[in-house]
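Along the sequence shown, the residues carry numbers beginning at 1.
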Amino acid sequence: MEIILILYLLTINLIGFISMAVDKKRARKHQWRIAEKVFFLLAFFGGSIGTWAGMYAFHHKTKHWYFVIGMPMILVIQILAVIGVRYYFL
């Protein structure tokens, strides 16, 4: 069960990271873009580290306050939730 969770988190974070790269490339070429809500959904479902890392690796969405504050906030909430669940069940 743990290996499935680890593989899931690696995959969703990789998708978040690559999505930032793809959207940045499309932005430069004035092409169809990935909706901002997609990035937040990826982060919400466990891809916050990859999406956040992609923001700064590709200098993308770093001028939008709701990304600069939102992505790390989602990560902190997820960390606190994991700590809370572990504390509650152990």
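Summarising the geometry, atom CD1 belonging to I12 is positioned 12.5 Å from atom CD1 belonging to I49; distances are rounded to the nearest 0.5 Å. For the atom pair K24 NZ and R33 CZ, the distance stands at 8.5 Å (nearest 0.5 Å). To the nearest 0.5 angstrom, L75 atom CG is 10.5 Å from T51 atom OG1. Here the straight-line distance linking atom CG of L9 with atom CD1 of I4 works out to 12.0 Å at 0.5 Å rounding. Rounding to the nearest 0.5 angstrom, the gap separating the CD1 atom in I18 from the CG atom in N13 is 11.0 Å. Atom NE2 of H60 is separated from atom CZ of R26 by 10.5 Å, given to the nearest 0.5 angstrom.
Across all non-hydrogen atoms, the minimal contact from M71 to A43 is SD-CB, 3.5 Å.
No more than 12 heavy atoms of other residues, nucleotides or ligands lie within 6.0 Å of CZ in F44, so this atom counts as exposed by the packing criterion. Open room surrounds CH2 on W65; 12 or fewer heavy atoms of other groups in view lie less than 6.0 Å from it. Remark: F40 CZ is packed, more than 12 non-hydrogen atoms of other residues, nucleotides or ligands lying under 6.0 Å away.
Side-chain heavy atoms closer than 4.5 Å link hydrophobic residues (I, L, V, M, F, W, Y) into clusters, and following such links, possibly through other members, connects I74 to I83. By the rule that hydrophobic residues join a cluster once side-chain heavy atoms approach within less than 4.5 Å of another member, V82 and F45 end up as members of separate clusters. Note: the hydrophobic cluster containing M20 also contains L14 (ILVMFWY, side chain heavy atoms under 4.5 Å, direct or indirect links). Taken together through direct or relayed side-chain contacts under 4.5 Å among Ile, Leu, Val, Met, Phe, Trp and Tyr, I6 and V85 form parts of separate hydrophobic clusters. Linking Ile, Leu, Val, Met, Phe, Trp and Tyr whenever their side-chain heavy atoms come within less than 4.5 Å puts M55 and I69 in one cluster.
Ring geometry for F67 versus F39: interplanar angle over 60°, hence perpendicular rather than tilted (30 to 60°). Between Y56 and W52, the ring planes are perpendicular. Angles over 60° get that label, and only those under 30° would be called parallel.
Side-chain contact between V68 and H64: absent, with no pair of heavy atoms (C-beta onward) separated by less than 4.5 Å. Contact of the K61 side chain with the D23 side chain is registered, since non-hydrogen atoms from C-beta on lie closer than 4.5 Å. Looking at L42 and S19, their side chains come closer than 4.5 Å, going by heavy atoms from C-beta outward.
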